[in-house]
Each structure stands twice: as structure tokens, then as C-alpha cells.
Amino acid sequence: SSGHSQSNNDGQQNSLFELTSEESGIVESVNSSMSNASSQVNVFENSFMPLAAKMRPKTLTDYVGQQHILGGDSPLAQSIEQGHCHSLIFWGPPGSGKTTLAEIIAQHANAEIERVSAVTSGIKEIRSAIEKAKLRAQGEGANKRRTVLFVDEVHRFNKSQQDAFLPHIEDGTIIFIGATTENPSFELNNALLSRLRVYVLKSLSEKEINEILNQALTDNVNGLSKHELKIDENALLKLSKVADGDARRALNLLEIISDFAENKIVTQELISDVLKDGSLRRFDKSGEAFYDQISALHKAVRGSNPDASLYWFVRMIDGGCDPFYIIRRVVRMASEDIGNADPRGIRLALDAWETQERLGSPEGELAIAQAIIYLACAAKSNAVYKGFNLAMKDVKELGSLDVPLHLRNAPTKLMKELGYGNEYKYSHDYDNHFSNQDYFPETFDEPYVFYIPGNEGREKFLKERLEKLWQDRYK
């Protein structure tokens, strides 16, 4: 959909999400539904809801986690309690409470909540939600209410779709709450971000997951209290650990396990059996966690910590990362952070690459681990990396400078007559195989030094040699 429509008697529509006259029939009578602010949940439907949905907290008091933004007298907590909600973005991993917090905000603000997902909702659904919000804003008395538009996976909307929310945020038609697992600074456009406050949600701790599980086990209305499950503390702690900071995952697992528990007894072995088909740790091959973990691996190698390097490598492999992606980065580390301080590092990294190609997984992964540990332990130097970047900068700034005549090849008579190769000094004819001649373009006013060797490992000897040979350049 291009987002454009024919203009009507009232003039052109103001937004991509405005209803056209043809589409206005999809909006049902909102005023009649607004007279009942809170309808009871259908008991039959509730019985088929997942445990995670049934246990969703309704108040800020029941909400578990995110104390860094909700604890004490934090501005957000006060704003929610007072019903003064504002447009915002919740950025956090799955199961951290983004949707729940949005619904609590709407409830405290006595606002109607419209839920859309960038994955499943299109322009038609969003236009409808905004039109309903306009009708509520224009209502009278008890029918006049604010609307929270909750947009899940908001980062999946493209730039023009994100821009279309702007006029409705600015004129107060909607209180916009977006939820995303991706970095908003990369995925949301600046125009939208400038109108929203971003709150970062964290993965829940094992203690917080444990608290949520205990709530589900003891709740006799929405929870599993009626099941009378027998689960010891160690089994509960294991379940909290494998949930990996995701409350939804923890409750889903608990619900599945309750169906398999013989004699209503939940053991660690039963939990292991339920989990045996796959890893539950967070790893998105194209998302924020992916780049965070490869960054952590690179920094641990650079920081000479073999244990942390091994940990992040195994985290990525365990999460399903392609080993060849990792080994490509490892080869890069060997040049960028070890360089000539230990030239064996890049050879070992390439050998690990070849081993992975020959053996595949999981055997080849051991060779990658060996290379990572070696690089973490090796002497460090970024002199090659810095020298390369300096040379690249000058090449781009100085343009295509001519090669000096004495450095040019002269395979033909004409080239020799033109002076190609004249006065070139063959280094092997001189002491120490060093001829001390200029190799830069003639327009270079002074000696350029791109590569400055460090004092670690093998590079220390390279530095001593260069200082001896090029005394005018390495002073």
C-alpha cells in the first residue's frame, strides 16, 4: 500500500493511517463499548489461555523486575502511579515485561489500549485503531478517554510507516508505546525517536524468575495451585536458570512440565527431559544479542583474558552461531590486535579455519577454541592496524600520485630510454641488504611513518631493526 488515497469533501487526509470514506465502515460503534470500561474475562476463553498470559500482572505492585527504572521514587514509577503516561519505547530482551508494563500504564492512566504488531498488523488495522482513538478523544463525559497505542516489534515498520505515527503523537490522539528487542538508535528513525522517551529493560535475574514461578505455583485463580505440584527448591532453581531471564519462557516451561509430572512431582530429571531437544539461551543471529556477544569475544581476546574469550565463544556456538562467522572474526583479531607481536597467531587462526572445513562441527570447534585461547594469551600490538588506517587515510586524501621513475619496471627498450628504473639501488648489493633510498612518491615532502612497531613480543625486534636502518625516520 502506498498510503495515498483520493481526497474527500473534507480535503486531503493528513496521515497514512487516516481512514478513507470507503474504509470508515470497518470502525464499529466505539461509544457504546466505552461505557463499560472494564469487561469481565470470559471464563471459557480464560481456561485456554497460556499460563504466561493468565499470570500477567495487572498492577505495578505485582510487577516483578526492572527496578532500575521502577524502583523507589523513580520518575517512571511516579508517572505511572499518578496516571501521567507519556509516549515512550521499551527496549529489552524477550520476556522482560515490555507488554505487561504497557498494559499497566494504560490501566493506571484510565486509558483504552489498542494493540497492534508490526509483524501481523497492516495499514488497515492501524488506521482503525487511530480512528477509534480519535472518537474516544472527541467523546463527552465518561465516553471521553485517552488511548494507548501499543505497537509490538515496532522496529519492523519501515521509515514511512514510522513517520505516519508522528502527527497523532504530536496532537495527543494517541499515547504511543513501542516495544522492541532491537537497538532503537539503529532501527527507529530520528523523527520518531525525538518524540519518545526510551527505557531500557533488562533480562530478569534468576531470583526474579524464581519469584514469578512461585507466584504461578501458589495462585489458585490463574496459576497452578490447583495442580498441587510438588517441586523442590533445586528443581525450581534449575527452571529459573534455564529460563535465561525470560519470564514468558519460564512460565511456558512450568506449564509444559506440569502436564508431564507423574504423581504431580517435578524433578530436575523431568526438567532436563523437557529441555533436551534444544538450547534455551538467547542468541539472535541478526539481532542485538549477536553483535553484543561477538563484541564481547573480540574485546576479551584483545584484553588477554582466555577464560572470558572461551566463555563467549561457547555461548555463541551453543546459541547456534555459524562457526565460520566466528573464525573469520578470529582471523581479523589475529591481524588487528596481535599483528607482528606474534605472527604465529594468524597462522594458527587459518589452521583452525581449515580444520573446521575438514572436520565440521563439533570437532572443528575445538581447533577454533585453541586459536582463540592462543590469541588471548599472545603478545598484543595494533601497530599494523593503525598503520593500515593511516596509509588508507593518506591515499584517499592525496589522490593518485605518480610512481617515481627509479621504482618503475622497465621491460622494454622505450621504457629504459624514458628513464624507467634508472638509479634504482638493488638492496642485496649493499651491506645488511639495505640501500637507504626513497620509496615514496616524489611529492612527499618528508618521510612518512605509518607503521610504528610496539615493544611486545616479536615486534620489539622489528622495531630495533627499523630504528637501526632508518635512523632519520625512527628517532
> With F176, which residues qualify under ring-ring contact (aromatic ring centres under 6.0 Å, His included), at least two apart?
Replying inline: F165
>> Restricting to side-chain hydrogen bond (donor to acceptor under 3.5 Å, both in side chains), what partner residues turn up for T61, sequence neighbours left out?
In response: none
> Would a 4.5 Å heavy-atom cut-off, applied to side chains only, mark E182 and R156 as touching?
Replying inline: no
> side chain to side chain contact (heavy atoms under 4.5 Å, CB included) between T147 and T173: does it pass, once the steps are laid out?
Replying inline: CA-CA 7 Å; T147 300; T173 300; over 6 Å; no
>> Is it the case that the side chain of E114 and the backbone of A129 share a donor-acceptor pair, with hydrogens and angles ignored and the cut-off at 3.5 Å?
In response: no
> What residue pairs, at least two apart or across chains, pass salt bridge (Lys or Arg N to Asp or Glu O under 4.0 Å) with a residue in residues 210-237?
Replying inline: E228-K264
>> Applying side chain to side chain donor-acceptor pair (under 3.5 Å) as the test, list every pair that has at least one member in residues 374-384; sequence neighbours left out.
In response: S304-K380, D342-Y374, R344-Y374, S381-E459
> Which residue pairs pass the salt bridge (Lys or Arg N to Asp or Glu O under 4.0 Å) test with at least one member in residues 298-314, sequence neighbours excluded?
Replying inline: R302-E336, R302-D337
> Are T218 and S225 side-chain neighbours, meaning at least one heavy-atom pair lies under 4.5 Å?
Replying inline: no
> Atom CD in E112, atom CG in L149: separation rounded to 0.5 Å?
Replying inline: 12.0 Å
> What are the two closest heavy atoms between R249 and D244, and how far apart are they?
Replying inline: NH1-CB, 3.8 Å
> Checking S128 side chain against K124 main chain: does a donor-acceptor pair fall under 3.5 Å?
Replying inline: no
>> Test: salt bridge (Lys or Arg N to Asp or Glu O under 4.0 Å). Region: residues 183-204. Which pairs qualify, not counting sequence neighbours?
In response: E170-R195
> Does the S79 side chain pair with the main chain of H84, one donor and one acceptor, at a distance under 3.5 Å?
Replying inline: yes
>> Please check if the number of heavy atoms outside F388 that lie under 6.0 Å from its CZ is greater than 12.
In response: no
>> How long is the straight-line distance from CD1 of I257 back to CG of N252, given to the nearest 0.5 Å?
In response: 11.0 Å
> Considering all heavy atoms of both residues, which atom of L297 and which atom of S309 are nearest to each other, and what is their separation?
Replying inline: CD1-O, 3.2 Å
> How many angstroms lie between CD1 in I169 and CG in L196, if you round to the nearest 0.5 Å?
Replying inline: 5.0 Å
> Would you say the side chain of S74 lies within less than 4.5 Å of the side chain of I69, judging by non-hydrogen atoms?
Replying inline: no
> Of the non-hydrogen atoms in L251 and A52, which two are nearest, and what is the gap between them?
Replying inline: CD1-CA, 3.7 Å
>> Could you walk me through whether Y63 and I80 satisfy the side chain to side chain contact (heavy atoms under 4.5 Å, CB included) test, starting with their C-alpha distance in whole Å, then the side-chain angles of each, then the deciding distance to 0.1 Å, before giving a yes or no?
In response: CA-CA 12 Å; Y63 188 87; I80 295 174; over 6 Å; no
> Do you know which two heavy atoms are closest between L166 and L192, and how far apart they sit?
Replying inline: CD2-CA, 3.7 Å
>> If the condition is side-chain hydrogen bond (donor to acceptor under 3.5 Å, both in side chains), which residues does Q107 pass it with, not counting sequence neighbours?
In response: none
> Side chains of C85 and R146: does their closest heavy-atom pair fall under 4.5 Å?
Replying inline: yes
>> Holding to side-chain contact (heavy atoms from CB on, under 4.5 Å), I want the full list of residues that pass it with F324, two or more places apart in sequence or in another chain.
In response: D322, I327, R328, W353, Q356, E357
> What residues form a side-chain contact (heavy atoms from CB on, under 4.5 Å) with P184, not counting sequence neighbours?
Replying inline: I89, W91, T180, L188, L193, V198
>> Please check this pair: side chain of N340 against backbone of P343, looking for a donor-acceptor N/O pair closer than 3.5 Å.
In response: no
> Where do A247 and L204 come nearest, in terms of heavy atoms and distance?
Replying inline: CB-CD1, 3.6 Å
> Could you walk me through whether L101 and L70 pass the side chain to side chain contact (heavy atoms under 4.5 Å, CB included) check?
Replying inline: CA-CA 10 Å; L101 203 48; L70 295 173; 4.0 Å; yes
>> Which heavy atom of N189 sits nearest to which heavy atom of Q162, and what is that distance?
In response: N-OE1, 2.9 Å
>> With rounding to the nearest 0.5 angstrom, report the CE to CH2 distance, M316 to W312.
In response: 10.0 Å
> How long is the span from the CG atom in L217 to the CG atom in L254, to the nearest 0.5 Å?
Replying inline: 5.0 Å
> Can you check whether V266 reaches L239 side chain to side chain, under 4.5 Å on heavy atoms?
Replying inline: no
>> Tell me every residue that passes ring-ring contact (aromatic ring centres under 6.0 Å, His included) with Y325, counting only those two or more places apart in sequence or in another chain.
In response: F290
> Does the side chain of K207 come within less than 4.5 Å of N210's, by heavy atoms?
Replying inline: no
>> I'd like to know if the side chain of K58 and the backbone of R56 have a donor-acceptor N/O pair within less than 3.5 Å.
In response: yes
>> Show, in sequence, the C-alpha distance, side-chain angles and deciding distance for S335 and V384, and conclude whether the side chain to side chain contact (heavy atoms under 4.5 Å, CB included) test is met.
In response: CA-CA 7 Å; S335 285; V384 171; 5.6 Å; no
> Can you find a pair of side-chain heavy atoms, one from V301 and one from I372, that are under 4.5 Å apart?
Replying inline: yes
> What residues, two or more places apart in sequence or in another chain, satisfy side-chain hydrogen bond (donor to acceptor under 3.5 Å, both in side chains) together with E103?
Replying inline: R115
> Backbone N or O of S96 within a donor-acceptor pair of the Q66 side chain at under 3.5 Å?
Replying inline: yes
>> Any non-hydrogen side-chain atom of E206 less than 4.5 Å from a side-chain atom of L237?
In response: no
> How many angstroms lie between atom CG of N305 and atom CD1 of I373, to the nearest 0.5 angstrom?
Replying inline: 11.0 Å
> For K159, which residues count as a side-chain hydrogen bond (donor to acceptor under 3.5 Å, both in side chains) partner, sequence neighbours excluded?
Replying inline: D163
